[in-house]
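The chains referred to below are lettered A, B, ... by the order of the sequence lines, with proteins before strands, and numbering in each begins at 1. Here the structure is a predicted model, which is why all the values come from computation and not from measurement.
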Number of protein chains: 2
Amino acid sequence: MGGTQSQRPRVLGSVRRPVTRADVAQLAGVSTAVVSYVLNDGPRPVAPRTAERVRQAVALLGYRPNASARALRRGRTETIGLILGDSLNPLFTEYTSQLTKAAAMRGEALLIRDSRQDATVEAQIVEQLIDRQVDGLLFASPYSSSVNPHALRAAGIPSVLIDCPGPVPGRLSVGPAAQEGAERLVDHLIEHGRGRIALVVGERGFGHPDPRELGWQFAQHRSQLRPGPVIRVPFTREGGYTAGRQLTRAGEGVDAVFASNDLQAAGVLRALHEGGARVPDDIAVVSFDGTRESEFCWPPLTVAQQDLPRMAEVAIDLLHSEPDAPGRHVRVPTTLVTRASCGCPGVHA
Amino acid sequence: MGGTQSQRPRVLGSVRRPVTRADVAQLAGVSTAVVSYVLNDGPRPVAPRTAERVRQAVALLGYRPNASARALRRGRTETIGLILGDSLNPLFTEYTSQLTKAAAMRGEALLIRDSRQDATVEAQIVEQLIDRQVDGLLFASPYSSSVNPHALRAAGIPSVLIDCPGPVPGRLSVGPAAQEGAERLVDHLIEHGRGRIALVVGERGFGHPDPRELGWQFAQHRSQLRPGPVIRVPFTREGGYTAGRQLTRAGEGVDAVFASNDLQAAGVLRALHEGGARVPDDIAVVSFDGTRESEFCWPPLTVAQQDLPRMAEVAIDLLHSEPDAPGRHVRVPTTLVTRASCGCPGVHA
DNA sequence: CCGGAAGGAAACCCATGAACACCCCCGTCA
DNA sequence: TGACGGGGGTGTTCATGGGTTTCCTTCCGG
C-alpha cells in the first residue's frame, strides 16, 4: 500500500518500528533463542522464571511474531489455496464458509480464487498460489482432476478434490453420496404418485457416469417406470430456466422435475411459473444441494441436502493426511429434506 | 502439511530442493543481485545481454521467487484481509468475487473471514490477519467502524469500509447511493399507483440515519403520501419471512413492500405466497441490492441494483491511496432494474 | 588519469533451532 | 576429606531460509 516500512514517517520520539523478538529478548534480558523457545513451547525447556519474564516482555511490548519470517524459516505458511469453478454458486459459498471454519481450527487461512471453469485460468491461478507457498490446495472445479496432479506432486503440495463425484486414481477427494441421494429423491416422487420425471443436468454431467443421473435412472427402473426426458443445460439459473421453458413447451406429460442442483432448480421454477404451470400440483420440482436459497424458493424446494460441515472437515483432514498416501475418496451421505415443491401430502408450505 | 521441507525424502540423484535465486545466478554466471535486478526491473539497469542470460536461466530452471522471503524483505505480502459480517449473504458473495478480481489486477490476494457480526470474533480475526502481515483490511461488517481504527493506525495498516451507509470521520469508505436508490424505487411504486408502502429494514438499520429509510420517507413525503408501516427484522431471509407474515396478518391495506435487501425480500415473498397474497397484483415487492438471486425469485424482483464491480474497484483504489489521507466516502449510484414484482405495466415476468 | 557503466560482496529483513558454553551439583576415588 | 570428572539443566551463539538493496570494486573508453 502507500506507505512502506522504510519510508514510514518518524513520529517524534516514537519511531514506529515494529517490535521484533530482539526487542523482547532485550527487555527480558535473554537471548532471542529463548524467546523463540518460550513462544513455541520447545524444543527445549526454559526455566519457569525466565519464561515468565519473556511472557511479560511479550505482553508489555505487544509483540507478535512476523508471519513472513516464520514462514520463510519453517517452509510452511499455514495457508491453503481454494480454487472454485463458480464462486457465485451458493453451494460453494456455503462450502467455503465451512472450509474456512475447518481450516481456522488448525490455524490455517484460505486463499480463494475463481477459475470460472476455464482450464487456462485455473492453471494460472494454481501457479500463483504455489508462488505464494500455499501448504495445500483444494479444488472444486471440473478441470482440477486433469491439469495439475504431476506439477503438484513435484512441488510437494498436497491437494484434495472437493465436490467430487467419485474416486479419481491416485488422488484424494470428497463428495456427496450423490447416487443414493438422487435415488431417494426420485423414490420420494414416485411414492407420491409422480410417474414421469424429467432430469435436468449439466451438459457434461458430474463425471462419467454421473451419479445423479444413475440414481435417477435406477429409481425409475426399480419402479418399472419409463425414464423421463433428460435435458442438458449449464449448471446455472439461466440453464435451469432454459430447461424449464423447454418442459413447459414440450408438454410431454412430465409431472416432476429433478434438477441436479439448486441453481438449475431456481431457473426451472421461474420458467414453470411463467409458463403458468402450478407447482407442485401440475408438476413437482426437487433438487440436489439444499443451499439456504432452496428453502426460500417458491414453493420451497424438496432437496437432497449435502452435509457441508462434514465434507469440509473431511476435506481439511484429507489435506493433512500422509503426503504419500494412496488415492482415496470419501462419500458423505445427503439428507432428504421435504418441503412443498414435491407436493407430498403432509408438507404444508 | 504432513511432509515438511526438511524431512522430504531424498530421491537418489535428485534432492528435490526448490530452485533459488542462487541457482539461477550460478547458471547465468552472475551474482544474485543481478538476478534480482532483472526480475524486478530495477532499481538499477542491467546490460541487455546479461539480462537475457538471466531470463534464460530462469526459464530453464523454472525458477519462481519465494513469496515469503520477498515479503519478509519488502515488508509487504501483497495480501489483503477482507472481513465480512455475513459471508453467506449473496450480496457479499458477489462483492467478494469482484474484490478478488480487482485485487488480482494488482497482484494481490484476499484472505477472507466471517465475523458473524460478533465484535469479539471480529477483533480476533483482525488480530490474526495483522499477524499474517496483511497489507490492508477491508471491512463489510457493522462493527468495523467502532473497534479497530486506532490499533490499525498504530500498526500502519490501511483500511476501507465496504458497503458503508455514509461518511465516517477519519475513515475511508465506499457505499451505494442508497437514499437516491430507495427514492427511485419508491417513486416507481408510487408512479404506478401504489399508495401504502411498507418498509422492511434491519433492527438497527444501516447507520443513523439509515439512507434507505430516508429515501423511503422522502419519496412518500414528496408525493404527499401517508408513510406506510416500518417493520424491523434481521437482515436475513428468515427476518423477511417474519416481516411478511406480519404484513399478511395485519392487512393494513399495504399494497407494496420495500425490503432493504434481497435476503429480506426473499423471505417476504415466501410469506406473502403462503398467506395467499398475489404478487404483484395484491401487493408489490421491491428491494435493494440486485443480486443474481433477485432475478430468479418469484416473481422476479424489481430492485435498486448496486454496482459491485465499480464499488470493488473503488474500495481497492482507496486502500492504495495516501496512507495519511483524510477520511473520505465514495457513493456509487445504483441502477433501477424493473422486473415483474412491482407490477408496473410493460414488464412481463 | 578520470568518469561512468556494470556487476559483486555483503548487510539486512526476522524467526528458528542445532551446536556449543556454562554452572552447579553429585559421585567417585585417592 | 578434597580434587576431579560427569551430566543435567539453562542459556547463548550463530548458521540458515531466500530475496533485496546499499555500497564497493572492476574495467572500459576517453
Side-chain angles (χ1 to χ4, degrees), chain A residues 4-8 15 17-26 28-54 57-58 61 63-78 130-133 135 155-156, chain B residues 4-8 15-54 57-58 61-78 130-133 135 156:
Chain A
T4 63
Q5 301 266 65
S6 47
Q7 42 182 240
R8 185 175 297 160
V15 183
R17 191 172 51 76
V19 183
T20 75
R21 91 240 174 269
D23 302 313
V24 175
Q26 193 183 11
V30 297
S31 72
T32 61
V34 172
V35 178
S36 205
Y37 294 147
V38 172
L39 267 55
N40 300 328
D41 214 12
R44 278 241 323 268
V46 172
R49 285 189 43 208
T50 315
E52 189 47 35
R53 276 214 316 283
V54 171
V58 165
L61 297 175
Y63 167 74
R64 322 241 49 173
N66 180 315
S68 303
R70 174 173 284 176
L72 173 60
R73 191 64 238 259
R74 298 212 244 213
R76 307 206 298 118
T77 53
E78 316 293 331
I130 292 180
D131 285 352
R132 281 174 177 274
Q133 331 277 134
D135 296 336
Chain B
T4 63
Q5 303 267 63
S6 46
Q7 41 182 241
R8 184 175 297 160
V15 183
R16 206 141 351 54
R17 189 173 51 78
V19 182
T20 74
R21 90 235 174 272
D23 302 315
V24 175
Q26 194 183 9
L27 181 60
V30 296
S31 72
T32 61
V34 172
V35 177
S36 204
Y37 295 147
V38 173
L39 267 55
N40 300 328
D41 215 12
R44 275 239 324 268
V46 174
R49 284 190 41 207
T50 315
E52 189 47 35
R53 275 214 316 285
V54 170
V58 166
L61 297 175
Y63 167 74
R64 322 241 47 175
N66 179 315
S68 302
R70 174 173 283 176
L72 173 59
R73 188 61 241 249
R74 300 215 246 217
R76 307 205 296 118
T77 53
E78 317 293 330
I130 292 179
D131 285 353
R132 280 174 178 275
Q133 330 276 134
D135 296 336

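- Put simply, CG on B:Leu72 is 12 Å from C1' on D:dT16, counting in whole angstrom units.
- Between A:Leu72 atom CG and B:Asn66 atom CG the span is 6.0 Å, to the nearest 0.5 Å.
- Checked by distance alone, A:Arg44 brings a side-chain donor or acceptor within 3.5 Å of a matching partner on the base of D:dG11.
- Which of C:dT16, C:dC13, C:dC20 sits closest to the side chain of B:Arg73 comes down to C:dC13.
- Whole-Å rounding puts the B:Asn66 CG to C:dC14 P distance at 17 Å.
- Note that CZ of B:Arg70 and CG of A:Asp131 are 9.0 Å apart. Values are rounded to the nearest 0.5 Å.
- Within 6.0 Å of CD on A:Gln26 lie no more than 12 heavy atoms contributed by other residues, nucleotides or ligands.
- Side-chain nitrogen and oxygen atoms of A:Asn40 include none within less than 4.0 Å of the OP1 or OP2 phosphate oxygen of C:dA15.
- When side chains are defined from C-beta on, A:Arg64 does not count as touching B:Ile130, because their heavy atoms never get closer than 4.5 Å.
- Heavy atoms of A:Arg21 sit under 4.0 angstrom from at least one base atom.
- From A:Asp135, atom CG reaches atom CZ of A:Arg76 across 5.5 Å, with rounding to the nearest 0.5 Å.
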Step by step, work out the side-chain contact (heavy atoms from CB on, under 4.5 Å) result for B:Asp23 and B:Thr20. CA-CA 6 Å; B:Asp23 302 315; B:Thr20 74; 3.6 Å; yes
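- Comparing A:Ala22 and B:Thr50 along DNA chain C, the residue whose closest nucleotide (by nearest heavy atom) sits nearer the 5' end is B:Thr50.
- Panel note: side chain A:Thr77, backbone A:Gln133; a donor-acceptor pair is recorded below 3.5 Å.
- Side chain A:Tyr37 to base C:dA18: a donor-acceptor pair is found below 3.5 Å.
- Distance, A:Gln133 CD to D:dG19 C1': 12 Å, rounded to whole Å.
- Taking a 4.0 Å limit (strictly below) on heavy-atom distances, residues 27-36 of chain B reaches DNA chain D at B:Ala33, B:Ser36.
- When rounded to the nearest whole Å, the span between CZ of A:Arg70 and P of D:dG17 equals 19 Å.
- For the pair B:Arg49 CZ and C:dA5 C1', the interatomic distance rounds to 15 Å; values are reported in whole Å.
- Atom CG of B:Asp41 is separated from atom C1' of D:dT20 by 15 Å (rounded to the nearest Å).
- Between the CD atom of A:Glu78 and the C1' atom of C:dA15 there is a distance of 14 Å, rounded to whole Å.
- B:Gln26 has its CD atom 14 Å from the P atom of D:dG18, to the nearest Å.
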